[in-house]
Amino acid sequence: MDLSYFFELFLGGMTRGSIYALIALGYTMVYGIIKLINFAHGEIYMIGAFTALIISSVLGFTGMNSILILVISGVLAIFFSSAYGVTMEKIAYKPLREAPRLSALISAIGMSMFLQNYVLLAQTPDFLPFPTLIPDFKFLKPIEKILNSTQLVILVTTAVVMILLTILIKFTRTGKAMRATSQDAKMAQLLGININRVITITFIIGSATAAIGGVLISSHTGQLNYYIGFIAGIKAFVAAVLGGIGSIPGAVLGSFVLGWTESFGTGYISSDYEDVFAFIFLLVILIFRPSGILGRSQNDKV
Amino acid sequence: MKKIITLIMVLLVGAGFAFANGSSESGPIKIGVAGPQSGDLASYGIPTAKAAQIVVDEVNAAGGVLGRQIELVVEDDVCKPEVATNTASKLVGEGVVGVIGHICSGATKAAMGTYNESKIPAISPSATNPALTQSGDYPNFFRTIASDDAQARTEVDFVLDTLGLTKIAVLHDKGDYGKGLAEFAKKFLEADSRAEVVLFEGITPGAVDYSAVINKIKSSGAQAVIFGGYHPEASKIVGQMKKRKMDVVFVSDDGVKDDTFIKVAGEYAEGVYASGPKDTAGNPLAKKYEKAHQDKFGEAPGPFYQNAVSATLALINAIKVAESTDYDAVTNALRTSLVDTPLGKIKFDDRGDAIGVGFAMYQVQNGVYVELK
């Protein structure tokens with residue numbers, strides 16, 4: 001097992017981690033603002049991928065440049081997913097905002113099932129091919145055995161999204177409002193922050209990053225069906241918990257750690273136990289840091 | 001007085017036997033059909049009974065065999081081993097000279113002992129358990145379907161003999177079907193001195209990507225991957241291997257020999273090998289019996305229909321060739337005399353597997369699976 005093998009696994013794990021991170025952001029942000037685990041978030045990722053598939057199939061007939069198709073279908077996927085995310089919040093979570101947290105959680109699970117079956121009925125239960133939209137970059141030729149262009153695009157896009165998100169949260173008024181709501185929603189409201197607007201924006205951002213993840217991973221694996229959101233969603237949720245749910249840097253770190261654990265576990269031990277490694281790691285972290293790697297410990301009574 | 005009555009009864013019973021014996025020499029030849037006719041799995045057994053009926057009607061209309069008509073005795077075993085022994089005893093009591101069945105492997109194993117004691121051959125159209133022919137415990141057993149391990153055998157032989165590759169990675173999806181197949185493939189590869197299993201791994205179905213496993217395949221130096229599982233995972237692995245510009249041959253199974261695989265994997269599917277049942281659609285006899293079923297029952301035949309037609313044809317042919325219903329003569333004829341069936345020209349090997357029935361290799365060429373001859 002040489003060094004280049006190590007790097008392949010490292011980059012593979014990082015690619016996987018990037019996808020988890022894009023989905024985990026939605027979980028952790030929503031949790032940070034309204035203390036809800038949005039189990040339907042994986043479905044938003046799936047809807048983003050489906051939208052991109054439909055748009056790119058249509059645009060494919062025009063003979064457009066594939067990068068352009070990717071960008072257009074990506075943007076429209078973000079738009080659609082955000083619309084779904086916001087609508088979902090209005091229908092399934094807003095009426096339950098004052099209800100016990102368990103009610104909202106069950107509402108989220110119901111939403112997840114609804115969206116899965118909605119796509120199953122409206123589209124198809126079969127696997128569909130996703131077009132290869134990311135071309136082979138020439139400059140990657142010397143290292144294509146280690147890193148291919150799809151992986152590069154995933155890594156770069158994730159990094160850009162993370163930087164933009166950090167700027168948004170740290171340096172804008174909206175970001176300030178979000179941070180304030182997250183710390184104490186009631187107090188923020190008293191100080192004139194429109195909580196509903198903040199929650200809507202949170203859902204838009206979370207859905208948008210999930211949609212980006214959906215488009216990227218579908219271009220990577222070349223296929224999708226109505227069920228892809230479930231497994232990816234669970235893994236991203238684990239990543240968010242691992243990093244400390246509610247914390248944005250924590251979600252990113254947790255996702256990379258999870259991606260690497262799976263990748264190295266598979267590469268050096270056996271892929272039979274891929275999920276086992278992921279969950280053992282989660283257990284170990286939670287034993288020593290119950291609120292996750294970067295999570296703040298809370299003393300609230302639950 | 002009592003003694004006289006006893007004597008009369010003994011005589012009557014004796015006469016009954018004599019009559020029974022007489023009938024088996026000159027009356028109709030009885031052939032048993034055993035399998036589920038009721039219960040959950042009836043849909044697997046009824047097509048066989050219909051197949052036997054169609055063939056027997058045809059033979060009888062043409063004058064029967066050895067100048068005698070054939071009579072079918074259909075018995076239900078509900079696919080349960082504990083019922084199957086009774087079913088077998090009943091058929092033996094009826095004086096059948098051969099049995100078409102049973103359908104399920106478990107029921108077949110339970111019934112074979114009873115038939116063996118009475119020297120009756122049984123031909124199953126559907127029991128695929130490898131031990132039935134490979135253990136040597138069932139000398140009177142024959143089948144017109146390939147055993148479970150035959151598919152792995154076909155793939156391994158293809159990789160080693162036809163492609164001439166020796167370093168093989170065996171992957172599976174951890175499911176019953178995929179893992180079972182992969183384990184057989186591994187066993188056959190390890191038994192062959194030419195081959196080296198460089199990797200044996202289970203992958204997680206539905207995972208986001210398989211790049212780590214693919215890196216592992218690459219670093220193992222495998223020339224070919226034998227994959228046991230279904231098409232969603234196969235298309236992901238194939239696509240990602242091709243994107244990594246890996247020149248590794250991909251060989252898979254029936255679960256991948258599906259048009260959905262080609263649709264989803266698209267251009268990456270090109271050149272992939274998969275094993276699947278031999279294509280019988282072009283066989284004129286298969287067409288003829290399909291039409292006969294349609295005419296008689298007004299619907300398309302159910303599962304194992306063509307295998308059951310073949311089994312019945314083989315048994316009747318063996319009786320004809322042997323010119324008797326004697327066990328040794330009939331089984332010898334089953335093993336030596338080729339018979340034309342919907343599955344092609346078949347005879348049985350020493351263990352009871354039909355030679356020439358089984359799996360063929362297919363390759364994706366220009367977007368369709370093509371059988372490799």
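Quick note: numbers below take in every heavy atom, side chains included, and nothing from hydrogens, waters or symmetry partners. Below, chains carry the letters A, B, ... as their sequence lines are ordered, and counting in each starts from 1.
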J.: What part of B:Gln240 gets within 4.5 angstrom of chain A, counting heavy atoms only: side chain, backbone, both, or neither?
T.: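 Just its side chain gets close to chain A.
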J.: What are the two closest heavy atoms between B:Leu181 and B:Ala152, and how far apart are they?
T.: O-CB, 3.7 Å
J.: Among the options B:Gly239, B:Ala212, B:Ser211, pick out the one with the most heavy-atom pairs lying under 4.5 Å from chain A.
T.: B:Ala212
J.: Non-hydrogen atoms of chain A under 4.5 Å away: do they reach the side chain of B:Lys236, the backbone, both or neither?
T.: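 Contact with chain A: backbone and side chain both.
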J.: Using non-hydrogen atoms only, which part of A:Tyr20 is less than 4.5 Å away from chain B: side chain, backbone, both, or neither?
T.: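 Side chain only.
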J.: Are the aromatic rings of A:Tyr268 and A:Tyr5 close, with centres under 6.0 Å apart?
T.: yes
J.: Within 45° of the ring axis of B:Tyr369 and under 6.0 Å from its six-membered ring centre, is that where the NZ or CZ of B:Lys257 lies?
T.: yes
J.: For each of A:Ile228, A:Thr132, A:Asn225, tally heavy-atom pairs with chain B at distances under 4.5 Å, and name the one with the top tally.
T.: A:Thr132
J.: Between A:Phe6, A:Phe7, A:Phe277, A:Phe256, which is the residue that forms a ring-ring contact (aromatic ring centres under 6.0 Å, His included) with A:Phe264?
T.: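 Considering A:Phe6, A:Phe7, A:Phe277, A:Phe256, a ring-ring contact (aromatic ring centres under 6.0 Å, His included) with A:Phe264 is found only for A:Phe6.
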J.: With chain B as the partner, which of A:Gly12, A:Pro129, A:Ser271, A:Ser4 has the greatest number of non-hydrogen pairs under 4.5 Å?
T.: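 Most heavy-atom pairs under 4.5 Å with chain B: A:Ser271.
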J.: Contact part of A:Leu9 toward chain B, heavy-atom cut-off under 4.5 Å: side chain, backbone, both or neither?
T.: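 Both the backbone and the side chain of A:Leu9 come within 4.5 Å of chain B.
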J.: Are any side-chain N or O atoms of A:Gln223 and backbone N or O atoms of B:Pro232, one a donor and one an acceptor, separated by less than 3.5 Å?
T.: yes
J.: Which pairs pass ring pair (Phe, Tyr, Trp, His ring centres under 6.0 Å) with one or both residues in residues 158-197 of chain B, sequence neighbours excluded?
T.: B:Phe158-B:Tyr273, B:His172-B:Phe200, B:Tyr177-B:Tyr230
J.: Please classify the contact of A:Ile23 with chain B as side chain, backbone, both or neither, using a heavy-atom distance under 4.5 Å.
T.: neither
